[in-house]
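Residue numbers start from 1 in every chain, and the chains themselves are labelled A, B, ... in the order their sequence lines are given, proteins ahead of strands.
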Amino acid sequence: MSSLQPVRGTHDLLPEEMRRHRRVIDVARAIAERYGYHEVETPIFEFSEVFQRTLGDTSDIVTKEMYSFTDRGGERLTLRPEATAGIARALISGGLTQLLPLKFFCHGPMFRYERPQKGRLRQFHQIDIELLGVPGPEGDVEVIACGYAILTALGFADRITLELNTLGDGESRRAYRTALVEFFKAHEDRLSADSRERLERNPLRILDSKDEGDRRIVADAPLFGDFLNEASRSFFATVTGGLDALAIPYKLSPRLVRGLDYYCHTAFEFTTETLGAQGTVMGGGRYDGLVETMGGPATAGIGWAAGIERLAMMLDDPPPPRRPIAVVPVGEAAARPALKLAERLRGAGFAIELGYGGNLGKRMKRANRLNAAAALILGEDEIARGGVTLRDLDSGAQEQVALGALEERLAPYR
RNA sequence: GCGGGCGUAGCUCAGUUGGUUAGAGCGCCAGAUUGUGGAUCUGGAUGUCGUGGGUUCAAGUCCCAUCGCUCGCCCCA
């Protein structure tokens, strides 16, 4: 083992892994475009303030997971732990609030200082869509439908579950939160240490505790449903109605929550059993208060993020690399003509591999290893005839082709 | 931040109660085949046994520390 290690929790994306990522990204982008989302990219670091304000000072991400540093100018900067804050910032600083509604797709690296495990890295990648300026439930339906379409196109439809919940509007949520805190305070001495902590920071999370004792207490906790006001109820009914109309299956999960104040109404996660402990493959929800929290005008927003690594792991067979055509010169005299031929064919759109030395046998061996579909052998005989020998490397069949007819003859190998 | 498992060749791994030159398969390189790849055969190279310390006549093997990987908790994509 070399002492030269990649930084903990980071990974090199070598060609095979990169192809998996690219597959996920390409499918997601193509489908997001069908829904009218436009690709954008924001910087991978922002002023720390951007994330502190949007994520809240008590969230895990802000308290222990941010990669923050001071630059040479003395600015406090942070490597983005998620995409939404940067996009919201861009919306405000670019004056885009004039153009609402806006629909963005983006993908790229995110950074969180966490202990790595399966499906969890310190530098990881997400695809992400955000729908801004649509306050009505039709936005929620569209965003979920788009995510579902992407997961389906990737072939995961039968391995994922859409878990769905509503947090209601601000009024409903505040009322519920108050009731919940009151209830848990009464049982505080019996709660687990983790949950006592959560009682301060994020009481809704206690509902999702894995601790046995907590679960017994939770069983008698007040139900969110009883605190939803009429407006929240009908909002959610429109969302589920839309999903029903689109035949998108979902499971209501009352325990699915979000901690921060600006989250409201729809919260959802696509989960899978196939990835171990990190079962969430795509998660999102409505965040109507976020842009305002950052200092912009009140702007509705809803979106999701999905982990590319997790999706890439679920891909059944890695997309194969493109099969090249090998140009194989024989003898010194053929080197120059082969170089020119290779360039000409590349110009015509073929993937050409021109070996880097060795005799015919060596070059053929290398062509085979690269899974080349065909070899074009170019030696004295061929040059004299003004053609090349075309060998199909799957069948072994070989024929002479005149130089002028090459592009046409090679069409099947494109 | 907390807990469990694991570090031997490029990869996957074997290595007996501590015992002398550390092995296999795959891959790689060369040759059989200097104008023909895949299959076969023959030969070849490659290890700070993760790192540091300790115990011992002797450590890949036992002990301690450390680093890394991995799985889980927390949280999340």
Side-chain angles (χ1 to χ4, degrees), chain A residues 1-11 14 24 28 55 58-65 80-84 107-128 147 151 192-195 197-198 201-202 205 208-211 256-259 269-272 275-284 303-314 326 328-331 334 353 355 358-383 388-398:
Chain A
M1 291 294 159
S2 162
S3 63
L4 226 38
Q5 303 270 3
V7 173
R8 180 173 218 195
T10 66
H11 271 336
L14 299 178
V24 170
L55 297 172
T58 56
S59 72
D60 268 38
I61 291 183
V62 169
T63 53
K64 52 181 205 194
E65 294 177 1
R80 64 181 182 195
E82 53 101 38
T84 311
H107 71 90
M110 307 293 161
F111 306 83
R112 289 181 201 174
Y113 190 89
E114 292 188 275
R115 187 93 174 249
Q117 64 189 75
K118 184 175 186 182
R120 192 165 76 186
L121 296 168
R122 289 184 174 182
Q123 176 177 173
F124 61 103
H125 299 80
Q126 288 184 334
I127 50 177
D128 181 282
L151 296 173
S192 66
D194 275 342
S195 286
E197 180 96 357
R198 284 186 272 238
R201 286 200 192 168
N202 190 353
R205 275 260 171 261
D208 204 15
S209 175
K210 285 168 188 159
D211 181 88
L256 180 62
V257 297
R258 295 279 121 108
E269 282 180 9
F270 284 92
T271 59
T272 180
L275 292 181
Q278 267 60 49
T280 301
V281 111
M282 175 182 286
W304 50 249
I308 296 177
E309 280 82 359
R310 291 180 187 180
L311 296 173
M313 273 191 281
M314 291 177 70
V328 181
V330 181
E353 195 62 46
N359 56 24
L360 177 57
K362 261 215 194 93
R363 285 170 182 270
M364 289 298 286
K365 209 169 250 183
R366 180 169 161 78
N368 194 60
R369 216 172 22 231
L370 292 168
N371 194 28
L376 297 175
I377 298 162
L378 187 59
E380 277 177 41
D381 302 353
E382 286 84 357
I383 291 174
V388 298
T389 298
L390 164 64
R391 181 180 179 87
D392 183 292
L393 292 179
D394 290 334
S395 67
Q398 207 160 289

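- A cation-pi arrangement, defined by a distance under 6.0 Å to the six-membered ring centre and an angle within 45 degrees of its axis, is present between A:R122 and A:Y113.
- Annotation: side-chain contact (heavy atoms from CB on, under 4.5 Å) contacts of A:Q117 (sequence neighbours excluded): A:R120, A:A277, A:Q278.
- Using a 4.0 Å heavy-atom cutoff across all strands shown, A:L370 reaches no nucleic acid atom at all.
- Side-chain atoms of A:E65 and base atoms of B:rG1 include no donor and acceptor less than 3.5 Å apart.
- Partners of A:M313 according to the side-chain contact (heavy atoms from CB on, under 4.5 Å) rule, which considers only residues two or more places apart in sequence or in another chain, are A:K118, A:L275, A:R310.
- Across all non-hydrogen atoms, the minimal contact from A:A334 to A:L378 is CB-O, 3.2 Å.
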Check your understanding: Dot-bracket for RNA chain B: what is it, with Watson-Crick or G-U pairs under 3.5 Å, [ ] where a pair crosses earlier ones, and | for a pair to another strand?
Key -> (((((((..((((.....[...)))).(((((.......))))).....(((((..]....))))))))))))....
Donor-acceptor pairs under 3.5 Å, side chain of residues 359-374 of chain A to any protein atom, not counting sequence neighbours: which ones?
residue, atom, partner, partner atom, Å
A:N359, OD1, A:G361, N, 3.2
A:N359, OD1, A:K362, N, 2.9
A:R363, NE, A:G358, O, 3.1
A:N371, OD1, A:R323, NH2, 3.4

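- Contact annotation for A:G379: base contact, defined as any heavy-atom pair under 4.0 Å involving a base atom.
- Within the 4.0 angstrom heavy-atom criterion, no nucleotide atom of any strand lies near A:E269.
- The base of B:rG37 is not paired with the side chain of A:R363 by any donor and acceptor separated by under 3.5 Å.
- For residues 374-383 of chain A, no residue pair satisfies the salt bridge (charged side-chain N to carboxylate O under 4.0 Å, His left out) rule, not counting sequence neighbours.
- Taking only distance into account, the side chain of A:R120 never meets the base of B:rC71 through a donor-acceptor pair shorter than 3.5 Å.
- Looking at heavy-atom distances under 4.0 Å, A:E114 makes contact with a base.
- Within the nucleic acid shown, A:D394 comes within 4.0 Å of at least one base atom, counting heavy atoms only.
- When heavy atoms are screened at a 4.0 angstrom cut-off, A:G396 is found touching base atoms of the nucleic acid.
- Side-chain proximity of A:R310 to B:rA77, B:rG35, B:rU70: nearest is B:rA77.
- As judged by a 4.0 angstrom heavy-atom cut-off over every strand, A:D381 is placed among the base-contacting residues.
- Taking the ring-ring contact (aromatic ring centres under 6.0 Å, His included) definition, one finds that A:H125 meets it with A:H21, sequence neighbours left out.
- Scanning for salt bridge (charged side-chain N to carboxylate O under 4.0 Å, His left out) contacts around A:D392 gives an empty result, with sequence neighbours left out.
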Between the protein and nucleotides 28-34 of chain B, list every N/O to N/O distance that falls short of 3.5 Å.
residue, atom, partner, partner atom, Å
B:rA30, OP1, A:K362, NZ, 3.1

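- Under the 4.5 Å side-chain criterion, counting only non-hydrogen atoms from C-beta, A:I127 is in contact with A:V24.
- At a cut-off of 3.5 angstrom, counting only N and O atoms as typed in the model, there is a donor on one side and an acceptor on the other between the side-chain of A:R112 and the base of B:rA77.
- Within 4.0 Å of A:I127, counting heavy atoms only, lies no atom of the nucleic acid at all.
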Exercise for review: Go through A:Q123 and A:T10 one step at a time and tell me if the side-chain hydrogen bond (donor to acceptor under 3.5 Å, both in side chains) criterion holds.
Suggested key: CA-CA 5 Å; A:Q123 176 177 173; A:T10 66; 5.9 Å; no
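- Across all strands shown, A:A367 has no heavy atoms under 4.0 Å from either base or sugar-phosphate atoms.
- For A:N368 and B:rG38, a side-chain-to-base donor-acceptor distance below 3.5 Å is absent, hydrogens and geometry of angles not being considered.
- In this structure, A:M282 reaches the sugar-phosphate backbone alone: every heavy-atom distance under 4.0 Å involves primed, P, OP1 or OP2 atoms, never a base.
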Can you name the atoms? Protein N/O to nucleotides 3-5 of chain B N/O, anything below 3.5 Å, with the distance.
residue, atom, partner, partner atom, Å
B:rG3, O6, A:R115, NH2, 3.3

